[in-house]
Structures are given as structure tokens and as C-alpha cells.
Amino acid sequence: MSAYSEYRVGEPIADTRSPGGPMNDRWSQRKFEAQLVNPANRRHHTVIVVGTGLAGASAAATLGEQGYRVESFCYQDSPRRAHSIAAQGGINAAKNYRNDGDSVQRLFHDTVKGGDFRARESNVHRLAEISLQIIDQCVAQGVPFAREYGGLLNTRSFGGTQVSRTFYAAGQTGQQLLLGAYQALERQIAAGQVTMHPRTEMLDLIVTPQDGRARGIVTRDLVTGKVERHLADAVVLCTGGYGNVFYLTTNAKGCNATAIWRAHRHGALLANPCYTQIHPTCIPVSGDHQSKLTLMSESLRNDGRVWVPKATGDERHPGQIPEDERDYYLERVYPAFGNLVPRDIASRAAKNVCDEGRGVGPGGRGVYLDFADAIERLGRKAIEARYGNLFEMYERITGEDPYTRPMRIYPAIHYTMGGLWVDYDLQSTIPGLFVAGEANFSDHGANRLGASALMQGLADGYFVVPVSVNNYLGETRIAPADPADPALAAAADAAEAGVRERVERLLAVDGDRTADSFHRELGQLMWELCGMERTEESLTEALRRIPALREEFWRRLKVPGGPEQLNQSLEKAGRVADFLELAELLVLDALHREESCGGHFRAESQTPEGEALRDDERFSYVAAWEFAGVGEPPVLHREELAFVEEKPTTRSYA
């Protein structure tokens, strides 16, 4: 057993920025109380934004519009390549255009309940409020949302809701929203307010030791290998989640945890890392050759019906299995929500029927998503209009026509609800370091409802970060970063030296195994021992094996090439090194939380019906972890959760 499997309990932590008073007034109150910076003074301040997905692009564009000098960084060759483009299904907003009973209060309720009562009420209510403004913002930018025949914006349903509140652009909503944010960003680049740094990866955070403030980052140019420092008065991390610690996921291969993990090592608390989302609608694994998985949008569950054969081992063609020999298990067990139950529930239900021997496809690891009824009811043209590009993508990958044969799907790692701890202002425990989008922990609790990731990213970037950065700079009256400042220069020197030393260390191992081989082994270990179902025994085993794998990594890693050139093997090695540290904390968090909630399912804590069983008396808190050194027991800081509007209840979708 690693010493890391133990932990110390530190002082409680609290969100001191969230206003009191009625929930409906808190966001308005916070905006009014926030300090402002004179427009003439903003041009003297520099803000660094790392990441150009929805949160990063919208934050950089809005801060530039306010008059700040913004430095924007992405490791892709263009901001348009951010992983936000992969979000297919839609974005939630409580507009109630369908007049079907939706409201800000209902979106708030659905999100708190969907997160299994492990999210902050204040943050979730703000998100629901801002959802109304997001749609107006995006329509004004020209985002081509789907429209009904009469020209009104169209909506569809997503899991965990009984209203139609999800706005969409065919099956490419994330891409269209990102293009809107990208155009806003490019406008500020053309205006000279934003300087763009593509193909540049953040490898460390610059923190001044005398006051503990974030004052910049250290980067490596991925083409030339040049290591540089960039100073600023505030830093905003919008770098996405850490799901790729599991290797086979729906995330782009470049997605990584280095930015948030570097910040964590500097003192930023990392909250709820065990809350990883399993998405139920993924194309099943087809072989050991795969390096990633492909997601089929949750929107497909609007018209697709999920089923498996009633009999075990039934290998007949799906078209040969009559209706009375099919089990539409989601409709049977959860009649009120049917195929649109939340992701965590749909994922566990799929695993359960496959474990019973009723799964379909190679290895029995799949269930059917069948559109026959919808095609018969609506016609093929209507289904093509709604999901055509998704059906085409499925056929290209599998060689099967989903118009004539049901899709095969199976759960896979998708999104991470955990992330850096932030207060109501999205500021981490490092002053001046703000965290937006999936990189923070704040809005989704233990399970993210579908179509809420795009909502949170844009809410944070367009509406929250600008208020918070304004407040921070106005409140602290911090002097603009000066490279000649001895204290700041010393902190930058130390951070830059640390990055160079780490690069040299990775290159110096000169072993016989690639970074990819270690990443794959770590991912298999994590999926088997800390995946859809976790037990004390499996988690303890993971905590025994991860340190051994990390030790082997630093003994046998092989990185060809050198540091001052394009070297993708070196990039991967640095990211895998961070995953090997983060994985241990993730498992420890899962081991310490002896309850089931949302995406965290402990087999020892379930109802007789096999549903997640929370323990509100012992675990109604955010677990915020403090870094104490590699292999050293981390420190747990608890933020107690208070529920005023939504009292925790047994989570039922039946």
C-alpha cells in the first residue's frame, strides 16, 4: 500500500464570495458588489487565458472587449480545433419557447437533482439564470440554431429532464457555438486587444512567493521547443477536463491535465476528482488497436429506443428478434423518463444488462439504440434532418447503416465533474488564478446533465469571468506585471528552470517503453479498478499498482528526439507523467467517499434495486485536496454543502 493511500484532514474550506439572501437575487447582488476597473486603466493590465474552447475563447474575447490586454494560448494549430467542437447534441437554456413548463427554477432543480445533490446551489442557480442570456448572445453572433418551420428556434429533450429546453444546430452544436466564440475572439485579435499563441503548451504556473499570487505561466512552443515565460496580472485556466487519464475515452487525444495539475502542485486545491462521467451513448470498443472512442450524441435518445434481447446469449440479427422478445429496459424500469434518464443511470443500466449476458455485439459489450419506430412514425427524411451527420459518422466507423440496423452503444468515460476548487467568483485558492469550464468543479455535482457543458463554458466565459477578473483587479489594485520587478523575475526564473529541468529529466531516462504504452496500461488499470463500479478492494488494488507503474515510468520511459524541436513523444511523456500523479489522487478520493452518488458508484453503497445510495450525513461536502508532494499523503479540506431551495431527496426517475 502506498503512503499516498493515507490522507490528512485539514481545515474546512468555505466559499466566502457567494452572497447570502434569496437565491434569485444572489447573482445580481454579486455583480453590484463587485469592484470595477476604470476603462482607462484596463489597458494597463494583462490577463492570460489558457485554452480556446468555449470557456477560453469567450473569456478572452470578452476581456478584450472590456479593454484588457489579453494573451491567449492553445496547443492546437488554431483556436477552432478546441475539443468543444465535439459536443454534438445541444445547449440547455430555460427559455420555455415550447411553453411546456420550463423555467429558471426548473432548470436549477433538474441540475441539482441530476448532480445527485453534490453541487453548490448558488452556482447552479446562477448558471440557470445566465442560460437565458447565452442563447441571445449566440443568436446575435449568427450561430445557426435549428429552427421550426415558422422560424422560431427549435429545441429537443435531453436526459434528466421532462421539458424540451435543449437548443441545437443539427449534430454539430459545439462546433457552431465555438465558431461564434472564435469570431468574437478573432475580432479582438484584429483590434489588437488579444495576442494569440497557437501551438503553445502551458507547462507551469508562475506564483510569487511573497504574496502567493498567480502572475503568469511558462510555456513551450510545440514547433520549435522554445521555453518562454509570460507575465500577467491574472491567469484564467480554461483547459478542459482530465478524462484521458482513462486512455480510452470520448475526448480528443490532446486533452490533458497538465495545466490544472501544475496549478495544483502550486497550492490550488483539486476538488472531487473521483466524479468522472460515464456517457451511455458511445460506439463500443472494437479492438486493442484503438487509441480513443467515438461518442454518439445523447440527443439520439430522443428518438432512439434502447433495448437488448430478453434471453441471454441471443446472437440473432436484431431484425429477427420479435418485439415480445426484446427488453426496452430503460422504458420498463424508469417509465417517467424512459430513454431520457440521466447519463449515470443509463450507463449503469447498460452495464447491468450486459453483465447478465444479454449484451449485443462482439464480447457482449453493447446495447441497441433503435430508430425503427421513429423512422416509421416520422419518415426517414425527418430523421436525416435531425441526426444525419451523426448517422453518417456511425456508418463510417462501424460499416453498419443505422437507418436499417440499430446502432450498438456502450458506456465510456466522457466528462469530468471534478476539477480545481473555485469560489463563487471562479477564483481558485491561488489569488489571481481563475478557472472556467470543465477545468473547475463547481456546477455539476456528481453527474453532469447532458447539454450543460456548453452552457457552463459560455456562462463562465462570457458572463462570470469578466465580472470576477474586474473585481479582483479593482479590489487588489495590483500593479501591472513588470519584468524588472526582482520578486516577479525570481519567481519566473524558478518556474522556467523547473520546466527545463523536467524536460531534461524526461529525455534523460532513455529506457525502452513509450509514453503511449504507459498511458494505455494506466487507462486499463483505471477502467477496471476505478471505472463504472468501484469497490474498496478494487480501489485499494489500484493504489497499490499506480505507484509501481509511476516508478517504472521514470525508469523505463523512452523519448526519442530532443527538446528544441517538434517532439510529440516529449509532449505525451509530460502529460502521462501528470496523469500518473493525478490518477492516484482520483482513486484515493473514490476510496475515501464511502457512498454512491452520480458518476461515483461504490458497489458497497447501493439500494436493493441497484441504484446509487448516498450518505448525506457523512458525505454532503466537496472534497478539496491539497498537494503535499508526490507519494505523500494529501490534505483533505471539506466544504460543507448547504441546501436551502432543493432539499436532498432520494433521486428517482421512475
Side-chain angles (χ1 to χ4, degrees), residues 53-54 76 80-91 143-146 154 156-159 166-179 240 243-244 248-255 277-287 289-306 318 339-340 343 346-347 350 360-362 365-372 374-375 378-415 450-451 453-454:
L54 286 181
Q76 297 94 345
R80 292 176 299 169
R81 297 294 300 275
H83 188 57
S84 296
I85 66 167
Q88 304 157 335
I91 177 171
V143 173
F145 286 121
N154 205 354
R156 54 192 178 200
S157 297
F158 257 63
T166 305
F167 294 78
Y168 64 97
Q172 49 186 260
T173 313
Q175 180 179 11
Q176 297 302 329
L177 291 172
L178 184 62
L179 287 173
N244 271 353
L248 279 181
T249 78
T250 66
N251 291 281
K253 287 301 294 178
C255 294
Q277 182 166 77
I278 315 292
H279 198 295
T281 318
C282 182
I283 298 178
V285 176
S286 60
H289 63 283
Q290 282 183 274
S291 62
K292 76 175 299 295
L293 299 174
T294 302
L295 178 70
M296 290 286 99
S297 169
E298 182 176 313
S299 63
L300 294 170
R301 290 198 277 149
N302 272 281
D303 292 304
R305 300 179 70 192
V306 179
N339 296 298
L340 287 172
R343 292 174 176 178
S347 296
V360 300
R365 289 293 166 187
V367 300
Y368 288 129
L369 182 61
D370 195 339
F371 291 86
I375 292 172
L378 302 170
R380 174 165 172 159
K381 286 188 176 179
I383 298 303
E384 286 178 348
R386 293 179 183 181
Y387 312 113
N389 61 317
L390 300 176
F391 276 45
E392 180 183 352
M393 182 168 63
Y394 180 87
E395 185 172 10
R396 286 186 177 183
I397 292 171
T398 65
E400 298 175 359
D401 180 6
Y403 291 105
T404 59
R405 182 186 180 113
M407 290 183 179
R408 287 178 294 107
I409 57 171
Y410 193 70
I413 295 289
H414 177 56
Y415 187 91
L454 304 183

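Since the model is a prediction, treat every value here as computed from it, not as a measurement. Just so you know, residue 1 is the first one in the sequence shown, and it goes up from there. What's counted below: heavy atoms across the whole structure, side chains too, no hydrogens, waters or symmetry copies.
A donor and an acceptor atom, one from each side chain of Tyr394 and Asp401, are nowhere located under 3.5 Å apart.
A 4.5 Å side-chain heavy-atom check between Arg80 and Ile85 finds every atom pair outside the cut-off. No side-chain heavy atom of Ser299 sits under 4.5 Å from any side-chain heavy atom of Gln88. For the pair Thr166/Ile91, no side-chain contact is recorded, criterion being any heavy-atom separation below 4.5 Å from C-beta on. Counting heavy atoms from C-beta outward, Tyr410 and Cys282 have side chains that stay 4.5 Å or more apart. Counting heavy atoms from C-beta on, the side chains of Pro280 and Arg301 come closer than 4.5 Å. Under the 4.5 Å side-chain criterion, counting only non-hydrogen atoms from C-beta, Phe371 is not in contact with Arg405. Using a 4.5 Å heavy-atom cutoff, the side chains of His279 and Pro411 are not in contact.
Nearest heavy-atom pair, Leu378 versus Ala382, reported as atom, atom and distance to 0.1 Å: O-CB, 3.6 Å. Contact between Ala412 and Leu293 at its shortest, heavy atoms only, is CB-CD1, 3.6 Å.
Between Ile283 atom CD1 and Glu400 atom CD the span is 9.5 Å, to the nearest 0.5 Å. We find the CG-CG distance between Asn339 and Leu300 to be 11.5 Å, quoted to the nearest 0.5 Å. A distance of 9.0 Å separates CD1 in Ile413 from OG in Ser347, rounded to the nearest 0.5 Å.
Checked against the 6.0 Å centroid criterion, the rings of Tyr403 and Phe391 qualify as a close aromatic pair.
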Assess the residue pair Lys381 and Glu384 against the criterion (salt bridge (charged side-chain N to carboxylate O under 4.0 Å, His left out)); give the C-alpha distance rounded to whole Å, side-chain angles, the decisive distance to 0.1 Å, and a yes or no. CA-CA 5 Å; Lys381 286 188 176 179; Glu384 286 178 348; over 6 Å; no
